[in-house]
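Bear in mind the structure is a predicted one, so any value in this text is a computation, not a measurement. The first residue in the sequence is number 1, and the count goes up from there.
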Amino acid sequence: MMLRAYRRFFVVAWQFLPLFFAFARDRHRFLLFGDGRRVSSEQHRERARTLRRSFLTLGPTFIKLGQLLSTRPDILPPEYIDELTQLQDRVPPAPWPEARDVIESELGPIDETYDSFDTESISGASLGQVYTAEFDDETVAVKVRRPGIEPLVRTDLRVIKFSVPLLVPFVDDAQAFSLETLAEEFSRVIRQEMDYEREATMLREIRGNLTDDDVRVPAVVDERSTGRVLTMEYVGGTKITDIDDDDTLGIDRTRLAETLERAYFEMIIDHGVFHADPHPGNLAVEPDGTLVLYDFGMSGRVDPFIQDRIVDFYIAIANQDTDAILDALIEMGTLSPEADREVMAEVMELAIADARGEEIEQYRVQQIVNQIEDTIYEFPLRLPPNLALVLRVATVVEGVCVTLDPEFDFVTVATEFLREEGYLEATAREFVREQLDTFERATQSTLRVPPKLERALDRVERDSLVVQSELNDPDGVLNTLAKRLVLGMGLSTGVLSTVALYISDALFGALLMTVLSFGIAVVLYHSFRKQRGIRARPQFTRQSMRQREDERIED
């Protein structure tokens, strides 16, 4: 296994070495030192094409890695994100005898497992392939893990694990952290996608959660499903992007786009578990206009806190409230609390202004997200793993909606959904409750102040008022400044004493004071070289302030 991993490492290195050196020289012209180079957008785009071709050459694992990287604008510039979103893992299926061996090793002989089986696959991907069969007089879809994929994936994951420490010294700290977390995330994601038992669990849960009759999710055939074989209800349909304006089905394209968006909002905001791969190949339409979702291998979960922040984010976009947008991003962990809010607010204002069109209401969330993505590579932003999936889902879904209806207003539909589900009213009630709490505290303070003020004035009149103050300096800034001041005074005294002793021909004393002064100078210089001092503290968001207030009340 290790020998295969080493051999594979050199194959991968040969593919990526030219790009690696190019990136390293962008940071330091002479690899380890020197100024950086300015790279044009066209150069980035050409490199992105090379990177995409390398992923395709290296096979299934790296195709999946490229797809995951397309959701991480905190690691790569926008040109690479655009290029990698084009990666599709539609590949020729493995030969039927190999796929049959997988099925029979899991379920037993084909003839005894299914009533009939069509050996021509209807879909082929890098990790699995799909066939149709008959079971209990019903047509089913049988998804089979690609033969021999497990050892290749294990080898490639080892190679990626070996490679990350070699790349870290050549990137900045923020990207180094992102690369390390990406390697861990990718290992988890690809193993999850290969686990058909997990996919069946997610499929059943999402199917049970969706309440819209216009959305259909295939049912799982439990008695014919294992970790490597997944049997589902077969649901046919027309690929969502194949519906022409003059189609004979008579489908309302605008209504279909609205159904798609609302389905994803319900999954993400209401239930916290969602289908995370909504590209057109996984979306179909039945003749009656019902939306069909396929392939739940890539799916995710969001916790309640993030769900609430997503609601805040969309409400802030609808209201064009840049401060609320920044608060939501900070609370989600996407934007660093130390970021310059003024600069980021200008970015958000420009994004909204650029996206809104002739009328204020006519702007799309994808354009806003794209503008934000363009800044993630340059500003102190980061993307938690599941939030990266949510961002990708929002972008892809909005793109499909606009393909269906070029005039589709994503934000208006989102706002209407939030209003119908009661989120807008809940936010308004929370705001009113916060204002009432503030008013109550202010009223109580008003009633408490006069007696205290009277007692304080009485003590002043009796000359018995003593004022005590305590300086809070958790970072030791004042202590550092005091030490520097004492060292500076000592150095000045030492230099003057050295000069005086030298003039007085007291050479030994002058030498002694010179050594002492030099030691003080070294200590003083070292204190300025330390990475300490007055640094910006994280700015409080409304959420952190509420948490602090709750803690104060509990105390």
May I ask you to test the Phe186-Leu69 pair for a side-chain heavy-atom distance under 4.5 Å?
no
Give a yes or no answer on whether the side chain of Glu261 reaches the backbone of Ala414 with a donor-acceptor pair at less than 3.5 Å.
yes
Any side-chain donor-acceptor pair under 3.5 Å between Glu266 and Tyr264?
no
Please answer whether the main-chain N or O of Val273 pairs with a side-chain N or O of His271 as donor and acceptor at a distance below 3.5 Å.
no
Report yes or no: does Tyr294 contribute a side-chain atom to a donor-acceptor pair with the main-chain N or O of Val235 at less than 3.5 Å?
yes
Taking all atoms of both residues into account, what is the closest heavy-atom pair of Glu258 and Val413, and its distance?
CG-CG1, 3.9 Å
Whether Glu197 and Arg228 form a salt bridge (side-chain N of Lys/Arg under 4.0 Å from carboxylate O of Asp/Glu) is what I want to check.
no
When you compare the side chain of Asn282 with that of Phe296, does any pair of heavy atoms fall below 4.5 Å?
no
Are any of the side-chain heavy atoms of Phe55 and Phe16 separated by less than 4.5 Å?
yes
I want to check something: taking the side chain as every heavy atom from C-beta on, are Ile306 and Met332 in contact at a cut-off of under 4.5 Å?
yes
Spacing of CZ belonging to Phe265 relative to CD1 belonging to Ile310, to within rounding of 0.5 Å:
8.5 Å
Side chain to side chain contact (heavy atoms under 4.5 Å, CB included) assessment of Val11 paired with Trp14:
CA-CA 5 Å; Val11 172; Trp14 180 258; 5.9 Å; no
About how many Å separate OG1 of Thr61 and CD1 of Ile149, when rounded to the nearest 0.5 Å?
5.5 Å
Minimum-distance pair of heavy atoms, taken over all atoms of Ala141 and Val130
CB-CG1, 4.1 Å
Just do the side chain to side chain contact (heavy atoms under 4.5 Å, CB included) check on Leu293 and Leu283 with the steps written out, would you?
CA-CA 5 Å; Leu293 305 182; Leu283 303 173; 3.3 Å; yes
Please examine the side chains of Phe274 and Val302, heavy atoms only from C-beta on, and report whether any two atoms are closer than 4.5 Å.
yes
Is any side-chain heavy atom of Leu291 closer than 4.5 Å to one of Leu256?
yes
Taking Arg145 for its side chain and Val229 for its backbone only, find out whether a donor-acceptor pair lies under 3.5 Å.
no
Might you work through the side chain to side chain contact (heavy atoms under 4.5 Å, CB included) test for Phe9 and Ser163, ending with a clear yes or no?
CA-CA 8 Å; Phe9 175 81; Ser163 303; 3.6 Å; yes
Any side-chain heavy-atom pair from Ile325 and Asp327 closer than 4.5 angstrom?
no
For Cys401 and Ala257, work out which heavy atoms get closest and say how close.
SG-O, 3.4 Å
Nearest heavy-atom contact between Thr57 and Gln15 is CG2-NE2, 3.7 Å
For the atom pair OG (Ser54) and CG (Leu17), what is the distance rounded to the nearest 0.5 Å?
11.0 Å
What class does the angle between the rings of Phe410 and Tyr314 fall in, given that below 30° is parallel, 30 to 60° is tilted and above 60° is perpendicular?
tilted
Can you measure from CE (Met267) to CZ (Arg301) and round to the nearest 0.5 angstrom?
13.0 Å
Given Leu127, which partner from the list Lys143, Glu193, Arg146 fulfils the side chain to side chain contact (heavy atoms under 4.5 Å, CB included) test?
Glu193
Decide side chain to side chain contact (heavy atoms under 4.5 Å, CB included) for Leu418 and Val311; before the verdict, give the C-alpha distance in whole Å, the side-chain angles of both, and the deciding distance to 0.1 Å.
CA-CA 8 Å; Leu418 296 176; Val311 171; 4.2 Å; yes
Quick one: are Lys239 and Pro280 in side-chain contact, heavy atoms under 4.5 Å?
yes
Is the charged tip of Arg309 near the ring of Phe305: under 6.0 Å from the six-membered ring centre and within 45° of its axis?
yes
Determine yes or no for a side-chain-to-main-chain donor-acceptor pair under 3.5 angstrom, with Ser105 supplying the side chain and Val102 the backbone.
yes
Are Arg47 and Glu79 close enough for a salt bridge, meaning some N to O gap below 4.0 Å?
no
Which heavy atom of Leu152 sits nearest to which heavy atom of Pro60, and what is that distance?
CD2-CD, 4.0 Å
Report yes or no: does His275 contribute a side-chain atom to a donor-acceptor pair with the main-chain N or O of Asp295 at less than 3.5 Å?
yes
Could you report the tightest heavy-atom contact between Thr254 and Phe408, atom names first, then the distance?
O-CE1, 4.1 Å
Donor-acceptor pair, side chain of Glu83 and main chain of Arg52, under 3.5 angstrom
no
When rounded to the nearest 0.5 angstrom, what is the spacing between CG in Asp82 and CZ in Arg45?
5.0 Å
With distance as the sole test, does Asp242 use its side chain to make a donor-acceptor pair with the main-chain N or O of Thr238 at under 3.5 Å?
no
Just checking, is any N or O donor in the side chain of Gln43 or Ser40 under 3.5 Å from an acceptor N or O on the other one?
yes
Can you establish whether the number of heavy atoms outside Glu42 located under 6.0 Å from its atom CD is more than 12?
yes
Roughly how far, to the nearest 0.5 Å, is the CZ atom of Phe417 from the CG atom of Asp270?
4.0 Å
Looking at Gln307 and Ile269, would you say the former's side chain and the latter's main chain have a donor-acceptor pair under 3.5 Å?
yes
